[in-house]
Number of protein chains: 4
Amino acid sequence: MPPELQTEIEDTRSQPRPTGCPVGSGLEAHLHKAVPVLDHGFVKVVDYMGDDASIVQAARVSYGEGTKKTRDDEGLIRYLMRHAHTTPFEMCDIRFHVKAPIFVARQWMRHRTASVNEVSGRYSVLKTDCYIPDPEHLGTQSKTNKQGRGDDILNEEDADRVITRIKDAGRNCDETYGQMLHPDVDLSRELARIVLPLNTYTEWYWKIDLHNLFHFLQLRLDEHAQYEIRVYAEAIALVIKGWVPLAWKAFEDYRLNAVSLSAQGVDCVRRMLRGEQVTHATSGMSAREWRAFEEAFGR
Amino acid sequence: MPPELQTEIEDTRSQPRPTGCPVGSGLEAHLHKAVPVLDHGFVKVVDYMGDDASIVQAARVSYGEGTKKTRDDEGLIRYLMRHAHTTPFEMCDIRFHVKAPIFVARQWMRHRTASVNEVSGRYSVLKTDCYIPDPEHLGTQSKTNKQGRGDDILNEEDADRVITRIKDAGRNCDETYGQMLHPDVDLSRELARIVLPLNTYTEWYWKIDLHNLFHFLQLRLDEHAQYEIRVYAEAIALVIKGWVPLAWKAFEDYRLNAVSLSAQGVDCVRRMLRGEQVTHATSGMSAREWRAFEEAFGR
Amino acid sequence: MPPELQTEIEDTRSQPRPTGCPVGSGLEAHLHKAVPVLDHGFVKVVDYMGDDASIVQAARVSYGEGTKKTRDDEGLIRYLMRHAHTTPFEMCDIRFHVKAPIFVARQWMRHRTASVNEVSGRYSVLKTDCYIPDPEHLGTQSKTNKQGRGDDILNEEDADRVITRIKDAGRNCDETYGQMLHPDVDLSRELARIVLPLNTYTEWYWKIDLHNLFHFLQLRLDEHAQYEIRVYAEAIALVIKGWVPLAWKAFEDYRLNAVSLSAQGVDCVRRMLRGEQVTHATSGMSAREWRAFEEAFGR
Amino acid sequence: MPPELQTEIEDTRSQPRPTGCPVGSGLEAHLHKAVPVLDHGFVKVVDYMGDDASIVQAARVSYGEGTKKTRDDEGLIRYLMRHAHTTPFEMCDIRFHVKAPIFVARQWMRHRTASVNEVSGRYSVLKTDCYIPDPEHLGTQSKTNKQGRGDDILNEEDADRVITRIKDAGRNCDETYGQMLHPDVDLSRELARIVLPLNTYTEWYWKIDLHNLFHFLQLRLDEHAQYEIRVYAEAIALVIKGWVPLAWKAFEDYRLNAVSLSAQGVDCVRRMLRGEQVTHATSGMSAREWRAFEEAFGR
């Protein structure tokens, strides 16, 4: 970050200014403080709008006087979450400054309902920090789940060798990048950057509303999400919990820790509750579904 | 608005709270103050995020250190607007409470990149304020422009009659609505409302980012926009001007008061500047385009 | 619809043309055929793109060779739906011509991820067909569910009176509209229309992708959706079933007939399956949630 | 592409099937034919919906009978484009299969109003084709335009050296990738890929409507767009021209080759047409704006 921006931001923090807008006191303490993620990354809240009360206020405009006094704020927020009345959650916005490896950024930016300003490698000479995984995260390809790493990790020797290779590859690309940008050569930045590897860090501002952020978190906190984006989602989750505690609790109960039962699953639960012994053969489910069902409800 | 919400909001206004977020001082004075529009409508800012400095900050993250010191904030904002680098403008958000007739709401909600919570006639008994146009706005159907009213207005006698009819129609629908909701009948609200006319007022919260708001304003401030939505756009424009003065000025110069010359138009201007006498016949334009071109540049 | 458009469309239907694009044979039979809905409305497919095979093809590009031969098309589509891998469903699009009352259109157009071209009352003199409910749909306001009609319907006498009132209100508005448009008065169309009631029919083209259409259907097929939009959703559902039968079946099993168990609900089911007697008091649920839970799984 | 998909597609092409949907005959010839771009990339149309007549049809529903007979299709399409009545253009959709380097994909996917299914490096072992620029495209960093390459290209010796370096960097990363995926190590694919450089090719399906595609083309056909994405835009432009010739021509005249005059620019043109000698000092423009103005209209 350019030094003068840094200075401006420190000025802002040291001189809070009065506003008539909702102020989420749980979030003020987090403002402009980088939460470290991975070896060189971070997430940092730089601005926000709204709080739990804004969600309630927006919902009440829809319900008019109809719900007056009948429910407290928490009950109303839980009702909204349970019934997928999602628009009131769109009234809250939050803006982050994020630093993450490019392969994480690529997954992140597939979420289209958000605003992004990213460092441009066409204008600027990029910093070439590279993400190097810790040995305990060097998982092998999963046997059961085709899209991720399994529970096994590389043995110490292989891990050492892999880490060395990743470091060497990064250093080599970085040198090439530097040589091509050298004033004697002066290759354009937009071309020189094409040799940088996907674990190079990049930075961006990211603004998103709370409804779409919950969607992002549901996908990226999932155990099947890639570890390297999941840790960003976890860092964000902590911030959100402090900002909108009622909405967060509702999200946990009705989305994050909820289980969706298919038509077949509902039928199986009903039969099991009537005392019937249900097996995969009589469940109407595929092998994979039955496995997930057993994990959720089995002995 | 339910009285308890009103009270909460007055509390908020009377006790500004400190924040580390950007505070747009030009907007704080407008917060929670209804700007009257038409006979019973209003727009009112209830929350916002960001200011001119947020746009600059977002753009600078893209440009990295490349633009440090080379441009002041105003120059950078004007550059962004001129070159349609629109994402930094998405970093600012604003939330309004709007009261407007349903036929205005129908045009308004065609803008899809915004968040809306509207009073629901399924939950609530609706207030049945109706919009009654002033005599000076009772324009006749335009002869030249198929989509609007022309410059002629009804004569006094016709105007009186039309206003009486609109009032009668509204009163009649309102009575029917009331009778169907009467406890002895107790028709469901979602059905009773179907007799209400399109000039009945409705209310909603509306949250939109600055880039999309400029798009809304460009379309709805246009002289071809229907008068009844244009006056809302004008009320909003005044608020925006106070909030982000640099962005507003750039919007005026490069969008609102800009003229887009077609390929044919560029060619005509070039020829005219070389001293050539260009006529409709030699312009390559349709009759309607030529008329617009002459209005913009003609003697 | 202007007569010449009608003619063009009949030409199209009578002379099918060859294409190298996917052709969903189940849908070709529905093309350009209006399915009647309510008293004057309809939905009609006018164009479409993709089919079940397009969803599979898009998913396979993501999975590369990894899933080759391991799953048939149906299994893959069910996997995508179960795990909310929604992007392949976006590869199918469908365009409808819809005629529905304005109060239905207002709910419909709250779905933002779709394209709409609606009849403009600024350009055209509107047809003034009005929706008149059948007596058996004249429900009273629900006592338990604040947003809709209950199971009770009006008695015959009240129903007659209500229908007469709705008809009178419509006729009266229609007359007023006609008088104001009369050449002697010539009020602009954009103003004259403001007296039309919300049960006036309007028409629009509506284009949406299959993922977003499923979301629309899930909300609008729900028993809490207003009857008058639910019947449109039902008419559309039949069309979709014929178009993408595999995706439709997956949607039914994993979305439409699925039940989402909250964290508390999952806990209750587990305890009940272990033989514990769970009551509302020990469930950790609100009264309303417990009622829904009992309905789904109770004796 | 998995061989069985290839086979299915060839089957489709060889056996066109009849449809009642609009068939854009100019596009049928392009279906499933890859247009080569850069050294290993391509774009290929795999599906589409609508044509010029669909745009007209959608617009006519809005205008009702009001425009019957008054305008031909071309005039109407030009009117829509000129006045930014963009929704009818959303009624046409097109789906491409694209193969391009990751740094191009990163710019491409910043366009949010589109649907994407990309090869996943978590499921699949990626092909590691790398983009190697031709010597004549090895531009140096622009002196005047901070975001791109200038008109100067590297001398032959430097060019050779740079190309060798880019090739070496790619080969080195590719080897590292292969070693980490070797069965003896078996690092998960999602981790192994992080060493791949940004010039590695990736593939995706991309579906977009015509309005948003025009926006993409306007930005990416611009002379300031990076060369490597511009050539993709050019390949797409040729396809679109054949598909919707009337819409394309209107897009060229009113968007692509149009010039937007700022408020200051309009004023200058007016003064110049009155014979006034306008200079930068009297223009009210910044230095950069004045330069662009002079380029467009100057001697």
Side-chain angles (χ1 to χ4, degrees), chain B residues 101-103 105-106 109-114 116 118 120-124 130-131 133 137-142 146-150 152 154 158 161-162 165-166 168-170 172-173 175-177 179-181 184-200 226-228, chain C residues 101-103 105-106 109-114 116 118 120-124 130-131 133 137-142 146-150 152 154 158 161-162 165-166 168-170 172-173 175-177 179-181 184-200 226-228:
Chain B
I102 291 174
F103 70 92
R106 296 246 296 144
M109 289 179 197
R110 292 294 291 112
H111 294 261
R112 288 163 291 183
T113 317
V116 173
E118 189 183 354
S120 166
R122 304 183 69 201
Y123 286 89
S124 316
C130 274
Y131 164 63
H137 298 127
L138 291 176
T140 58
Q141 184 73 7
S142 168
K146 289 184 188 315
Q147 79 173 322
R149 56 190 97 163
D152 296 338
L154 301 196
D158 279 351
R161 220 172 301 156
V162 156
R165 272 175 191 146
I166 295 177
D168 285 351
N172 183 52
C173 290
E175 270 171 34
T176 303
Y177 183 58
Q179 286 161 347
M180 296 193 293
L181 289 179
D184 290 351
V185 178
D186 194 31
L187 184 64
S188 58
R189 290 161 187 176
E190 67 181 21
L191 269 179
R193 67 171 168 170
I194 73 176
V195 299
L196 296 176
L198 291 171
N199 61 340
T200 310
Q226 182 161 356
Y227 166 77
E228 282 80 11
Chain C
I102 291 174
F103 69 92
R106 296 246 295 144
M109 290 179 196
R110 291 293 291 111
H111 293 262
R112 289 162 291 183
T113 318
V116 172
E118 189 184 352
S120 165
R122 303 183 69 202
Y123 287 88
S124 316
C130 276
Y131 164 63
H137 297 127
L138 291 176
T140 58
Q141 183 73 7
S142 169
K146 289 184 187 317
Q147 80 173 321
R149 54 189 99 162
D152 296 339
L154 301 195
D158 278 352
R161 220 172 301 155
V162 156
R165 272 174 191 146
I166 296 177
D168 284 351
N172 184 52
C173 290
E175 269 172 35
T176 303
Y177 183 59
Q179 286 161 346
M180 297 193 293
L181 290 179
D184 290 350
V185 179
D186 194 31
L187 184 65
S188 59
R189 290 161 187 176
E190 66 181 22
L191 268 179
R193 65 170 170 171
I194 72 177
V195 300
L196 295 177
L198 291 170
N199 62 340
T200 309
Q226 181 161 356
Y227 165 78
E228 282 80 11

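Convention: sequence-line order gives letters A, B, ...; per-chain numbering from 1.
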S.K.: With rounding to the nearest 0.5 angstrom, report the CD to CZ distance, C/Q226 to B/R193.
M.R.: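 Taking CD in C/Q226 and CZ in B/R193, the distance rounds to 4.5 Å.
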S.K.: With a 4.5 Å cut-off on side-chain heavy atoms, are B/T140 and C/L187 touching?
M.R.: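 Not in contact.
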S.K.: Roughly how far apart are C/Y227 OH and B/L191 CG, rounded to 0.5 Å?
M.R.: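 If I round to the nearest 0.5 Å, the distance is 10.5 Å.
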S.K.: Can you tell me how far CG of C/D186 sits from CG of B/D158, rounded to the nearest 0.5 angstrom?
M.R.: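 Those atoms lie 10.0 Å apart.
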S.K.: Is B/N172 in contact with chain C via its backbone, its side chain, both, or neither, using a 4.5 Å heavy-atom distance?
M.R.: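 It is the side chain, since no backbone atom gets that close.
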S.K.: Most heavy-atom pairs under 4.5 angstrom with chain B, which of C/T200, C/V116, C/D168?
M.R.: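 Heavy-atom pairs under 4.5 Å are most numerous for C/V116.
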S.K.: Which bit of B/A114 comes within less than 4.5 Å of chain C, counting heavy atoms only: side chain, backbone, both or neither?
M.R.: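 The answer is the backbone of B/A114.
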S.K.: Contact part of B/H137 toward chain C, heavy-atom cut-off under 4.5 Å: side chain, backbone, both or neither?
M.R.: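 Backbone only.
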S.K.: Between CE of C/M180 and CZ of B/R165, what distance do you get to the nearest 0.5 Å?
M.R.: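 These two atoms lie 8.0 Å from each other.
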S.K.: B/D152 versus chain C, heavy atoms under 4.5 Å apart: side chain, backbone, both or neither?
M.R.: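 Neither part, no heavy atoms under 4.5 Å.
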S.K.: Salt-bridge test for C/R110 and B/E118: reply yes if a basic N is under 4.0 Å from a carboxylate O, no otherwise.
M.R.: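 So C/R110 does not pair with B/E118 through a salt bridge.
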S.K.: Using non-hydrogen atoms and a 4.5 Å limit, figure out which bit of B/E228 sits close to chain C: side chain, backbone, both or neither.
M.R.: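 B/E228 touches chain C through side-chain heavy atoms alone.
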S.K.: Does any backbone or side-chain atom of B/Y131 lie under 4.5 Å from a heavy atom of chain C? Answer side chain, backbone, both or neither.
M.R.: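 Interface part for B/Y131: both.
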S.K.: With side chains defined as the heavy atoms from C-beta onward, is the minimum distance between C/M109 and B/M109 less than 4.5 Å?
M.R.: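 No, every pair of side-chain atoms sits at 4.5 Å or beyond.
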S.K.: Rounded to the nearest 0.5 Å, how far does CZ of B/R122 lie from CD of C/Q141?
M.R.: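 Between C/Q141 CD and B/R122 CZ, I get 9.0 Å after rounding to 0.5 Å.
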S.K.: Report the distance from atom CD1 of C/I102 to atom CD1 of B/I194, rounding to the nearest 0.5 Å.
M.R.: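 If I round to the nearest 0.5 Å, the distance is 11.5 Å.
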S.K.: If we ignore hydrogens and angles and just use 3.5 Å, is the side chain of B/S188 paired with the main-chain N or O of C/G139 as donor and acceptor?
M.R.: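 Flag set: sc B/S188 to bb C/G139 pair under 3.5 Å.
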S.K.: In terms of heavy-atom proximity below 4.5 Å to chain C, should B/L154 be classed as side chain, backbone, both, or neither?
M.R.: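 The side chain, not the backbone.
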S.K.: Given the rule in the side-chain contact (heavy atoms from CB on, under 4.5 Å) test, do C/L198 and B/V195 qualify, once you have shown the distances and angles that lead to the verdict?
M.R.: CA-CA 6 Å; C/L198 291 170; B/V195 299; over 6 Å; no
